[in-house]
Amino acid sequence: MEIDPLPNGSGSNAATSPETAATTTAITVASNTGPSSKLSHLTESLKLEHQFLRVPFEHFKKTIRTNHRTVEKEVSAVISSVTDVADSDEISKDDAILSLTSLVSRLQGIKRKNLQAHRCRARLDHLDSADSENLSEWNNVRLKRILVDYMSRMSYYDSAMKLADSSNIQELVDIDVFQEAKKVIDGLRNQEVVPALAWCADNKSRLKKSKSKFEFQLRLQEFVELVRAENYMHAISYAQRYLSPWGATHLKELQRVMATLAVRSHTECAKYKVLFEPKQWGFLVDQFKQEFCRLYGMTLEPLLNIYLQAGLSALKTPYCYEDDCTKEDPLSQDSFRKLAMPLPYSKQHQSKLVCYITKELMDTENPPQVLPNGYVYSTKALKEMAEKNNGKITCPRTGLVCSYSDLVKAYIS
């Protein structure tokens, strides 16, 4: 889905720096790596796998509705063929082989139609295989799934396929589903509604159940294009056939679009001029993405973005946006700052200082010491350094050399 703390002689009200938050989290995790902690972490992780199961399940339901009658006919034909072969006393060897080959071909066709059922089974088995012993390996597979999801959404299908194949996770990813969406998106970007209308027809019952108006918006856009082309008679016929059924539920929108027959495409009236602007196609693309994700139970944002935002929400503080924000902070990079823009600042009830040298928490047992240059390190780290260097302290960040007696103890309230 990269910070130095402030040269910090900061008081108790100072905001915790991202490095402090991240290191504190790491310490917490490191100190809770027992079996019960791992099991708890695994349980929480599995709660995030809604999309992982929902997508193949929705695809499976669609396949059943589409292929139910076809599968029934194929199964009946196979049973009938088997019965005929079994009842035949004078069938030759070649005919028997030909009949069996035909049966195998039909059975393979039925199996292909149940691909989504196998995919659901494979994903259930994958979730069931997760336990505290193989958590690291299981999380590695999850990371690859998240990366494939991101590549698929960004249309990097070749890279997504190579990663899925090399990791043997073909049944755990949804590349084919995103390829289905790409055909519609490409059509809309080329100002063609035919692929989108075909998709609406394939998913008519589900779109109707969710009270979607995507098909209506497509029909309106096609009507507008006819008006733009000054094909007014065809536009009227099109409206009578495809738009009039929507009049009972979308009368105001329909009246507004029908008025374009009178004002024409060269109008300067803002209310109607906007209907002829190219950005309307962009709105249709965005609307399709929303409908598509809703239909399959997907998140609108890539999973990688969501997971990164979850981490950034713990790191984001006002310090991240200051000019002296260090390059070690992920939020010093523009791409991460953009991703974290809608997120709130991390809520810190009290300051926590983590030693830059030992990565250990500084508290009353291991109090912070301030060097003459303002940088802060733990007493434990500085004592060890002084013992090895005849009482001399060297700041690891600036190279300043001072005596241990020059240090000033800082207090945490």
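Sequential numbering from 1 along the given sequence is applied to the chain's residues.
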**Prompt:** Less than 4.0 Å between a side-chain N and a carboxylate O, is that true for K338 and D334?
**Reply:** no
**Asked** Salt bridge check: are D176 and K182 linked by an N-O gap of less than 4.0 Å?
**Response** no
**Message:** Taking the ring centre of each residue, are H266 and F276 less than 6.0 Å apart?
**Reply:** no
**Message:** Donor-acceptor pair, distance only, cut-off 3.5 Å: does the side chain of D363 make one with the backbone of E365?
**Reply:** yes
Indicate every side-chain donor-acceptor pair of residues 380-388 with a distance under 3.5 Å to a residue at least two apart or in another chain.
unit_1	atom_1	unit_2	atom_2	d
K380	NZ	E360	OE1	3.4
K380	NZ	E360	OE2	3.2

**Request:** Considering non-hydrogen atoms only, spot the tightest contact between S265 and R228 and give its length.
**Result:** CB-CA, 4.0 Å
**Request:** For S346 and A314, work out which heavy atoms get closest and say how close.
**Result:** OG-O, 3.4 Å
**Prompt:** Taking atom types as modelled and ignoring hydrogens, do the side chains of T398 and N373 form a donor-acceptor contact shorter than 3.5 angstrom?
**Reply:** yes
**Asked** Nearest 0.5 Å, what's the CZ-CG distance between R189 and L284?
**Response** 12.0 Å
**Prompt:** Salt bridge check: are R256 and E253 linked by an N-O gap of less than 4.0 Å?
**Reply:** no
**Item:** side chain to side chain contact (heavy atoms under 4.5 Å, CB included) involving K183 - partner list, sequence neighbours excluded
**Value:** none
**Asked** Is there side-chain contact between Q369 and Y377, with heavy atoms separated by less than 4.5 Å?
**Response** no
**Item:** Value rounded to 0.5 Å, distance of NE2 in H234 from CG in L226
**Value:** 5.5 Å
**Stepwise side chain to side chain donor-acceptor pair (under 3.5 Å) test for Y238 and R219** = CA-CA 9 Å; Y238 184 90; R219 297 293 184 186; 3.2 Å; yes
**Message:** For E137, I'd like to know if atom CD has over 12 heavy atoms of other residues, nucleotides or ligands within 6.0 Å.
**Reply:** no
**Prompt:** With a 4.5 Å heavy-atom cut-off, do R397 and Y356 have their side chains touching?
**Reply:** yes
**Prompt:** Which heavy-atom pair separates S403 from I393 by the least distance, and what is that distance?
**Reply:** C-CG1, 4.4 Å
**Item:** Distance-minimising heavy-atom pair for L361 and N366
**Value:** O-ND2, 3.7 Å
**Request:** Would you check, one step at a time, whether the test side chain to side chain contact (heavy atoms under 4.5 Å, CB included) holds for L207 with E215?
**Result:** CA-CA 9 Å; L207 289 172; E215 183 181 353; 5.8 Å; no
**Asked** Is there a donor in the side chain of Q221 and an acceptor in the side chain of Q217, or the other way round, less than 3.5 Å apart?
**Response** no
**Request:** Could you go through the salt bridge (charged side-chain N to carboxylate O under 4.0 Å, His left out) check for K162 and D158 one step at a time?
**Result:** CA-CA 6 Å; K162 286 179 181 178; D158 290 341; over 6 Å; no
**Asked** Are side-chain heavy atoms of L220 and L254 found at a separation under 4.5 Å?
**Response** yes
**Closest heavy-atom pair and its distance - L163, S166** = O-OG, 3.1 Å
**Item:** Under-4.0 Å salt bridge between E58 and R206
**Value:** yes
**Asked** Do the side chains of Y150 and Y307 get nearer than 4.5 Å, heavy atoms only?
**Response** no
**Asked** Is any side-chain heavy atom of V141 less than 4.5 Å from a side-chain heavy atom of H126?
**Response** yes
**Item:** Note, K279 side chain near V274 side chain (heavy atom, < 4.5 Å)
**Value:** yes
**Prompt:** Is a side-chain N or O of Q309 found less than 3.5 angstrom from the main chain of L339, in a donor-acceptor match?
**Reply:** yes
**Message:** If I take atom CG from residue L331 and atom SG from residue C320, how far apart are they, to the nearest 0.5 angstrom?
**Reply:** 4.5 Å
**Request:** Return yes when atom CD of E277 has more than 12 non-hydrogen atoms of other residues, nucleotides or ligands closer than 6.0 Å, and no otherwise.
**Result:** yes
**Prompt:** For the side chain of T379 and the backbone of P367, is there at least one donor-acceptor N/O pair under 3.5 Å apart?
**Reply:** yes
Check: residues 287-304 side-chain donor-acceptor pairs under 3.5 Å, at least two apart:
unit_1	atom_1	unit_2	atom_2	d
E291	OE1	S212	OG	3.3
E291	OE1	R294	NH1	2.9
E291	OE2	S212	OG	3.1
E291	OE2	R294	NH1	3.3
Y296	OH	E180	OE1	3.4
T299	OG1	Q51	OE1	3.3
T299	OG1	R153	NH2	3.4
T299	OG1	E301	O	2.7
E301	OE1	N305	ND2	3.1

**Prompt:** Does D128 reach the main-chain N or O of L124 with its side chain, forming a donor-acceptor pair under 3.5 Å?
**Reply:** no
**Asked** Are the side chain of S167 and the backbone of A164 linked by a donor-acceptor contact shorter than 3.5 Å?
**Response** no
**Item:** Audit row: R142, D149, salt bridge (charged side-chain N to carboxylate O under 4.0 Å, His left out) steps and yes/no
**Value:** CA-CA 10 Å; R142 168 188 271 180; D149 173 86; over 6 Å; no
**Prompt:** For Y156, does the OH atom sit with more than 12 other heavy atoms under 6.0 Å from it, leaving out its own atoms?
**Reply:** no
**Prompt:** Taking R123 for the side chain and F52 for the main chain, is one N or O donor matched with an acceptor at less than 3.5 Å?
**Reply:** yes
**Message:** If I take atom CG from residue N231 and atom CZ from residue F223, how far apart are they, to the nearest 0.5 angstrom?
**Reply:** 10.5 Å
**Prompt:** Does some side-chain heavy atom of I175 sit less than 4.5 Å from a side-chain heavy atom of V148?
**Reply:** yes
**Item:** Evaluation steps, side chain to side chain contact (heavy atoms under 4.5 Å, CB included), between V257 and V224
**Value:** CA-CA 7 Å; V257 171; V224 167; 4.1 Å; yes
**Fill in**
Distance col, row F178:CZ vs S155:OG, nearest 0.5 angstrom, shows 10.0 Å
**Item:** Residue M161 excluded, over 12 heavy atoms near CE under 6.0 Å
**Value:** no
